[in-house]
> 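One structure coming up, written as structure tokens, with questions to follow.
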Amino acid sequence: MTRPRRSLFSKYFITLFVAVVVPLILGAASEAWFAFRDHRLHLNELLQVEARSAADRIQAFTDGIRDQLGWVVQFPWTQGEEDRRRIDGQRLLQQVPAIVSLSLVDPSGIERVFVSRLSLNRTGPGVDMSADPAVVGARANRVWYGPVQYQRDSEPYMRIAVAGNRAAAGIVVADINLKLIWDIIAAIKIGDTGHALVIDDSGRLIAHPDISRVLRSGAGSGDFSRLKSVVGTANGSVVATTGDDGKPVVALSVQAANVGWTVIAQQPVLEAFESIRAALWRSLMLIVIGIVFALVLAYWRACRMWGPIRQLEDGVERIGMGQLDHRIAIHSRDELEQLAVRFNQMAEELAASQQKSERINRLKQFLAPEVAALVEHSDQGLLDGQRREVVAIFGDLRGFTAFSARAEPDVIIAVLREYYEAIGTVTARHAATLIRFAGDGVMVLVNAPVACENPAQRGIRLAIDMQAAVQSLANHWNARDCAIGFGVGIAMGPATVGTLGWHGRLDYTAIGNVVNLASRLCDLADDAQILVDPVVTGHVKDSIALASIGERAIKGYDRALEVFAVVRRVGPLPHLGCPLQPADVRPVETGQVVSFARRDDLIRLENEVIWEPNCS
């Protein structure tokens with residue numbers, strides 16, 4: 001497998017080297033020679049244009065400030081016009097961001113108005129500025145440009161003084177922040193890394209694309225003075241020298257006429273002659289392409305195999321990450337294409353299996369596992385909205401509100417966790433539907449979504465087991481000084497059942513009068529008590545002992561409803577196959593309590609109504 005590849009590589013390499021590489025080398029050499037000759041002329045023109053452009057922009061910058069300052073001193077000074085002049089000065093600061101402060105001097109040389117961005121404004125007669133160089137220069141030449149100074153030894157500033165057209169108009173002296181010239185210099189790009197910079201007469205840097213170098217004030221001023229001197233001797237022609245960063249550059253300088261600064265346009269030597277190197281690199285790339293072309297021919301068949309294998313490897317990785325919707329498209333018309341088809345079939349089967357598992361897990365959130373499996377393997381319409389006779393069971397902890405008000409959060413969570421686990425275990429054992437937990441309350445449905453035989457009896461037995469399980473926990477809680485009980489209400493009747501919710505959050509629930517009645521009975525139930533409505537009583541009175549506790553007013557009902565209580569031993573419920581001893585439904589006298597005993601073995605009613613299992 002290796003020998004043919006080497007043989008093919010050698011064959012195409014030698015052939016293409018003679019036929020392609022040698023002519024390309026000769027072409028590259030001739031192109032480099034002519035490019036070098038033409039580029040020497042082009043480079044001088046390019047730097048000349050960029051340096052002149054920067055000088056013109058700087059002159060436009062300073063001339064614009066000069067004209068704006070001249071607008072302030074158009075009219076002669078009159079008595080009491082300091083406020084108007086101050087307003088004019090503030091307006092000028094807003095219009096020209098480069099002006100930091102300005103002083104308005106009357107014809108006698110006295111400062112009358114001072115407006116600043118950094119200091120407090122002043123109006124009225126101030127210091128005598130008649131001997132100030134700015135005032136003297138403006139009187140002599142009408143416009144005066146001061147030397148560059150660095151405030152706080154970092155930021156470059158310059159003073160500009162402009163005199164009015166008439167001596168009575170006075171003089172305005174402004175401090176200009178030269179950092180804004182950075183915008184002009186930063187906008188100049190010569191090639192990729194070439195740039196322009198501005199140096200004053202003393203050799204100090206005024207503007208540079210890297211503004212941090214300007215803010216370092218005198219740092220490196222010797223290098224800039226040297227650069228200015230070397231470039232200045234070339235009289236506007238390109239000269240090769242060492243730049244301010246110590247690297248070889250080609251540079252050219254132009255003077256900014258109004259302020260006397262030197263604008264230097266420079267470009268690294270490596271970049272300046274990049275076109276020549278680019279020609280050589282292009283030729284070299286053609287040579288490399290020729291070599292690569294030979295290699296490609298040799299390895300073409302291997303790549304035809306490698307590409308599909310990479311697709312299969314990527315597909316396996318995506319499937320491993322859970323992207324079961326990923327499919328592989330290979331059109332090689334061979335075994336690799338067939339392998340891709342088999343892979344896609346496997347991905348489809350995995351996706352279907354995952355969707356099935358997700359549906360079962362979602363059903364198990366509110367159905368017993370056995371019921372969820374039954375729904376999954378039967379008609380999905382069982383979860384759709386429908387009218388059905390159901391047994392609604394509500395349970396609620398007694399004394400939980402008072403307990404939660406004084407207990408620590410971790411204790412409350414521990415109690416609820418034990419309570420939920422006990423209720424969930426009992427509900428799953430009886431294959432009922434756990435609708436929801438709401439704080440310390442619970443709602444369970446029997447006969448929905450899956451129908452069952454004797455739903456009333458099954459619901460009573462579920463409630464009995466539920467009561468027994470929670471009472472066992474209550475004894476443990478009471479031992480820890482947590483006075484908590486449990487009451488249950490059961491009702492039977494028609495209700496609308498089905499899934500309700502929004503987008504991905506769906507719950508299976510029941511809506512109807514029977515749900516409200518079961519909730520009201522739960523509210524009436526005392527600790528350890530199971531209260532039943534007359535409908536459930538009619539279905540189970542022959543198999544489970546019940547006692548009437550009289551008529552009770554139910555919220556939402558027009559008339560009182562007779563309520564019954566379950567009477568039984570404390571302990572697990574006998575199996576369904578073990579018949580119960582029938583008992584009469586007898587009323588309980590006022591004041592008697594029908595409930596589970598927490599510590600006693602039997603509930604002792606005054607009329608001794610109990611039931612016993614009829615098992616041999």
Side-chain angles (χ1 to χ4, degrees), residues 38-69 95-99 143 145-148 155-158 160 176-215 220 223-245 247-275:
D38 296 338
H39 192 70
R40 293 176 62 184
L41 299 176
H42 173 72
L43 188 61
N44 190 83
E45 296 176 356
L46 174 64
L47 295 181
Q48 182 74 28
V49 169
E50 296 295 343
R52 176 55 58 190
S53 174
D56 292 343
R57 291 185 182 183
I58 292 174
Q59 183 171 354
F61 172 79
T62 55
D63 289 347
I65 295 177
R66 179 200 64 194
D67 295 340
Q68 292 289 343
L69 293 175
Q95 295 175 349
V96 185
I99 300 178
V143 179
Y145 297 95
V148 177
E155 298 180 2
Y157 284 79
M158 180 181 71
I160 297 179
I176 309 302
N177 188 345
L178 298 181
K179 281 201 308 181
L180 297 181
I181 297 180
W182 177 81
D183 294 333
I184 300 174
I185 298 303
I188 296 177
K189 296 293 183 181
I190 305 174
D192 293 331
T193 59
H195 58 270
L197 53 92
V198 182
I199 304 173
D200 67 357
D201 292 338
S202 64
R204 301 185 73 176
L205 184 64
I206 299 175
H208 192 281
D210 184 3
I211 195 171
S212 63
R213 305 195 65 176
V214 178
L215 299 180
D223 293 334
F224 293 116
S225 298
R226 177 196 56 78
L227 179 62
K228 176 189 173 194
S229 175
V230 172
V231 178
T233 57
N235 296 322
S237 299
V238 171
V239 61
T241 182
T242 302
D244 55 275
D245 56 357
K247 297 180 180 180
V249 297
V250 289
L252 181 146
S253 65
V254 172
Q255 293 291 322
N258 52 353
V259 291
W261 299 339
T262 300
V263 179
I264 298 177
Q266 65 179 26
Q267 187 178 20
V269 171
L270 292 178
E271 183 180 339
F273 296 98
E274 179 66 23
S275 60

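We use all heavy atoms of the structure for the numbers below, so side chains are in, but hydrogens, waters and symmetry mates are not.
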> Only one of K228, M158, Q59, Q255 clears side-chain contact (heavy atoms from CB on, under 4.5 Å) with W261; which?
M158
> Got a sec, which residues hit salt bridge (charged side-chain N to carboxylate O under 4.0 Å, His left out) with R66, two or more places apart in sequence or on another chain?
D63
> Would you compute the distance between atom CD1 of I99 and atom CG of N177 and round it to the nearest 0.5 angstrom?
11.5 Å
> Apply side-chain hydrogen bond (donor to acceptor under 3.5 Å, both in side chains) to E50 and list each qualifying residue two or more places apart in sequence or on a separate chain.
none
> Check side-chain contact (heavy atoms from CB on, under 4.5 Å) between Q48 and all other residues, then give those that pass, not counting sequence neighbours.
L252, V254
> For T242, enumerate each residue passing the side-chain contact (heavy atoms from CB on, under 4.5 Å) test, keeping only those at least two apart in sequence or located in another chain.
R226
> Please report the interatomic distance OH(Y145) to CD1(I160), rounded to the nearest 0.5 Å.
5.5 Å
> Once salt bridge (charged side-chain N to carboxylate O under 4.0 Å, His left out) is applied, do any residues pair with D56, and if so which ones, sequence neighbours excluded?
none
> Might you point out which heavy atoms bring S253 and I264 nearest each other, and give the distance in Å?
CB-CG1, 4.0 Å
> Of all heavy-atom pairs between A251 and V231, which one has the smallest distance, and what is that distance?
CB-CG2, 3.7 Å
> Between V148 and P156, which heavy-atom pair has the shortest distance, and what is it?
CG1-CB, 4.1 Å
> Name the residue from L227, T193, V238, I190 that meets the side-chain contact (heavy atoms from CB on, under 4.5 Å) definition with Q266.
L227
> P209 and A196: which non-hydrogen atoms are nearest, and at how many Å?
CD-O, 3.3 Å
> Considering residues at least two apart in sequence or located in another chain, which fulfil the side-chain contact (heavy atoms from CB on, under 4.5 Å) criterion with V269?
P248, V250, F273
